[in-house]
Student: 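Mind looking over this structure? Questions follow.
Both ligands and their constituent atoms are indexed starting at 1 by order of listing.
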Amino acid sequence: MESERQAPAAATKTHATVAKPMLRVLAGEAVWPPPMWLMRQAGRYLPEYREVRAQAGDFIALCTSPELAAEVTLQPIRRYGMDGAILFSDILMVPWAMGQPLRFAEGEGPQLEPVRDAAAIGALDPSAVVANAAPIFETVRLVRGALDAHAQKTTLIGFAGSPFTVACYMVEGHGSRDFATARGMAYAEPGLFGTLIRTLVQATTDYLLAQAAAGAEALMLFDSWAGMLSPSQFRRWVIEPTGQILRNIRKVNAGIPVIGFPRLAGPMLAEYAQRTGVQCLGVDTSMDLRWAASAVAPTQALQGNLDPLALVAGGMALEAEARSILGTMRGRPFVFNLGHGIEKVTPPEHVSALVRLVRTG
Ligand SMILES: Cc1c2[nH]c(c1CCC(=O)O)Cc1[nH]c(c(CCC(=O)O)c1C)Cc1[nH]c(c(CCC(=O)O)c1C)Cc1[nH]c(c(C)c1CCC(=O)O)C2
């Protein structure tokens, strides 16, 4: 879309999806009150999620059981009427689908068999992702079918991790404060690290396009650890691969909007916004929204950035933070969200209070 102000909804009614508030925002329109959803909105803070999770057994089984994964995707939509439904899966399902052994150990987070040399990286099979991730695309089909059946205005969001963040876990083998092994490899063996990133660009392109073909209406790239990089490394390992994925997607799917979330990017957000081709920028809690609005094009949407801990606290602290965000973003294409994933200790009724507050603008 060329300008902030769009034709009235009536003029575009022939395309039912255009009326969905989140898609209008991603197309550059300042819809008010803003559409909202929350990162990690399906998860352990919801008793109904914990029930299905227990039924599924382990986390990967849940991600690869289409009926159960569709059910947990829809739980926060039923409970809160969110404008966005994010596919229930995980960014590490791409390495899993390329053949890297993965498990989610209780209380320890993800554990992967690290890939640190040419043999291990060469053994990864990006061309196997679409076949191995078939149950995940089936989840997308089921969720989209359920949303369409109820003529819901909720937008179905597909996602992947960005190559850099996924590579961090693949090289390190687990979560880390600083991902020093992965970032060290990027400096010491840029050719090898580059091979891993290129493998991930291919796998991620295919994976996202398959989600779009199955019914995802928007896509999001999570780059949780982008903010650890120096500016030159950020250009090389975040902006370039993300831009490549966007160009690859555009060759096949000209229209699907993409949200990029380079967490803790700071002032590098401006270059990321200009050069990657994303329609919307996810902004983390640390970022001043007024600055972010000045750093991106007026038709580029912003999404964020309530502190997940304000949502845990609730009450006046939550209200003040949420109102400040709304006041700053009024008049711009904006999707209300958290600045990072919801905390598992979040009282579900605080989410209800937030939804009421945002809905009244
Ligand atoms: C880095 C990252 C991961 N996964 C993800 C990221 C990027 C966003 C971020 O920075 O938080 C993204 C993600 N993970 C999950 C989703 C599902 C959709 C949603 O947002 O509701 C999404 C979009 C489910 C999940 N992914 C995970 C859970 C918890 C598993 C469980 O239920 O036991 C869920 C609901 C596990 C996971 N997955 C990952 C870690 C580090 C962990 C362990 C930490 C934790 O347990 O919260 C990797």
Student: For ligand 1, does His340 get within less than 4.0 Å through its side chain, its backbone, both, or neither, judged by non-hydrogen atoms?
Tutor: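 Side chain only.
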Student: Mind checking whether Leu87 has a heavy atom under 4.0 Å from ligand 1?
Tutor: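 Contact check Leu87 vs ligand 1: positive.
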Student: Tell me which protein heavy atom sits closest to atom 26 (N) of ligand 1, plus the residue, atom name and distance to 0.1 Å.
Tutor: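 The answer is Asp90 OD1, 2.7 Å.
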Student: Assess Lys344 for proximity to ligand 1: is some non-hydrogen atom of it under 4.0 Å away?
Tutor: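 Contact absent.
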Student: How close does the nearest protein non-hydrogen atom get to atom 1 (C) of ligand 1, and which residue and atom is it?
Tutor: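 Ranking protein heavy atoms by distance from atom 1 (C) of ligand 1, first comes Tyr169 OH, 3.3 Å.
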Student: Other residues, nucleotides and ligands only: do more than 12 of their heavy atoms fall within 6.0 Å of NE2 on His174?
Tutor: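 Yes, the 6.0 Å shell around NE2 holds more than 12 heavy atoms from other groups.
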Student: Is Gly175 near ligand 1, meaning one of its heavy atoms is under 4.0 Å from it?
Tutor: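 No, Gly175 has no heavy atom closer than 4.0 Å to ligand 1.
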Student: Search all heavy atoms of Gly84 against all heavy atoms of Ile157 and return the closest pair with its distance.
Tutor: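 Looking at all heavy atoms of both residues, the shortest contact is CA-CD1, 3.9 Å.
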Student: Looking only at protein heavy atoms, identify the closest one to atom 34 (C) of ligand 1 and say how far it is in Å.
Tutor: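 For this ligand atom, the closest protein heavy atom is Phe59 CE1, 3.5 Å.
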Student: Phe88 vs Phe59, test: ring-ring contact (aromatic ring centres under 6.0 Å, His included). Steps then yes/no.
Tutor: CA-CA 11 Å; Phe88 188 84; Phe59 180 70; 5.7 Å; yes
Student: Give me the atom names and distance for the closest heavy-atom approach of Tyr169 to Gly175.
Tutor: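 Looking at all heavy atoms of both residues, the closest pair is CE2-CA, 3.8 Å.
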Student: Determine the interplanar angle of the Trp237 and Phe193 rings, folded into 0 to 90°, and report it as parallel if under 30°, tilted if 30 to 60°, perpendicular if over 60°.
Tutor: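 Plane angle over 60°, so perpendicular.
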Student: Where do Ile325 and Gly304 come nearest, in terms of heavy atoms and distance?
Tutor: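 Heavy-atom minimum between the residues: CG2-O, 4.3 Å.
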Student: Would you name the heavy atoms of Pro257 and Leu23 that are closest together and state the gap between them?
Tutor: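 Here Pro257 and Leu23 meet closest at CG-CD2, 4.0 Å.
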Student: Answer with yes or no whether Pro110 contacts ligand 1, where contact means a heavy atom under 4.0 Å from a ligand atom.
Tutor: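 Pro110: in contact with ligand 1 (<4.0 Å).
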Student: Which of the numbered atoms in ligand 1 are below 4.0 angstrom from a heavy atom of Tyr49?
Tutor: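 This gives 31 (C), 32 (O), 35 (C) as the contact atoms.
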Student: Looking at Gly161, is its backbone amide N or carbonyl O close enough to the side chain of Thr165 to form a donor-acceptor pair, meaning the two atoms are under 3.5 Å apart?
Tutor: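 Such a contact is absent between Thr165 side chain and Gly161 backbone.
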Student: If you have a sec, work out which protein heavy atom is nearest atom 10 (O) of ligand 1 and how many Å separate them, to one decimal?
Tutor: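 Answer, as residue, atom name and distance: Ser224 OG, 2.5 Å.
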Student: With respect to atom 24 (C) of ligand 1, which of Gly161, Ser89, Cys63 exhibits the smallest heavy-atom separation?
Tutor: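 Checking each option, the heavy atom nearest atom 24 (C) of ligand 1 is found in Ser89.
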Student: If every non-hydrogen atom of Val129 is compared with every non-hydrogen atom of Val94, which pair is closest and at what distance?
Tutor: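 Heavy atoms of Val129 and Val94 come nearest at CG2-O, 4.2 Å.
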Student: Is Phe261 near ligand 1, meaning one of its heavy atoms is under 4.0 Å from it?
Tutor: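 Checking ligand 1 against Phe261, which is what was asked, there is no heavy-atom contact under 4.0 Å.
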Student: If you have a sec, work out which protein heavy atom is nearest atom 13 (C) of ligand 1 and how many Å separate them, to one decimal?
Tutor: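 Of the protein heavy atoms, Arg40 NE, 3.4 Å lies nearest.
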Student: Write down the atom of Arg263, the atom of Ser224, and the distance for their closest heavy-atom approach.
Tutor: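 Distance-wise, the nearest heavy atoms are NE-O, 3.1 Å.
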Student: Quick check: are there more than 12 heavy atoms from other residues, nucleotides or ligands sitting under 6.0 Å from CD of Glu106?
Tutor: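 No, the 6.0 Å shell around CD holds no more than 12 heavy atoms from other groups.
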Student: Between ligand 1 and Gln41, is the shortest N or O to N or O distance under 3.5 Å?
Tutor: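 The answer is yes, given that Gln41 and ligand 1 share an N or O pair closer than 3.5 Å.
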Student: Using only heavy-atom distances, determine whether the side chains of Glu217 and Thr155 contain a donor-acceptor pair under 3.5 Å.
Tutor: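 Distance-only check fails for Glu217 and Thr155.
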Student: Would you say Phe159 has any N or O atom under 3.5 Å from an N or O of ligand 1, going by distance alone?
Tutor: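 There is no such contact.
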Student: Identify the closest protein heavy atom to atom 2 (C) of ligand 1: which residue and atom is it, and at what distance?
Tutor: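 Result for atom 2 (C) of ligand 1: Ile91 CD1, 3.4 Å.
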Student: Can an N or O of Thr165 be found at a distance shorter than 3.5 Å from an N or O of ligand 1?
Tutor: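 N/O-N/O distance under 3.5 Å: no.
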Student: For Phe88, counting its heavy atoms only, list the atoms of ligand 1 lying under 4.0 Å from any of them.
Tutor: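 Once the distances to Phe88 are compared, the set is 35 (C).
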Student: Atoms of ligand 1 less than 4.0 Å from Phe222 heavy atoms?
Tutor: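 Checking each atom against Phe222, I get 7 (C), 8 (C), 23 (C).
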Student: For atom 36 (C) of ligand 1, find the nearest protein heavy atom and state the residue, atom name and distance (0.1 Å precision).
Tutor: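 Looking only at protein heavy atoms, the one closest to atom 36 (C) of ligand 1 is Phe104 CE2, 3.6 Å.
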Student: Does the protein come close to atom 43 (C) of ligand 1 - that is, does one of its heavy atoms sit below 4.0 Å from that atom?
Tutor: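 Within 4.0 Å: yes, protein heavy atom nearby.
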Student: Could you grab the distance from atom CG of Leu46 to atom NZ of Lys344, nearest 0.5 Å is fine?
Tutor: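 Answer rounded to 0.5 Å: 14.0 Å.
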Student: Please state which protein non-hydrogen atom is closest to atom 33 (O) of ligand 1 and give its distance, to 0.1 Å?
Tutor: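 Of every protein heavy atom, Arg53 NH2, 2.7 Å lies nearest to atom 33 (O) of ligand 1.
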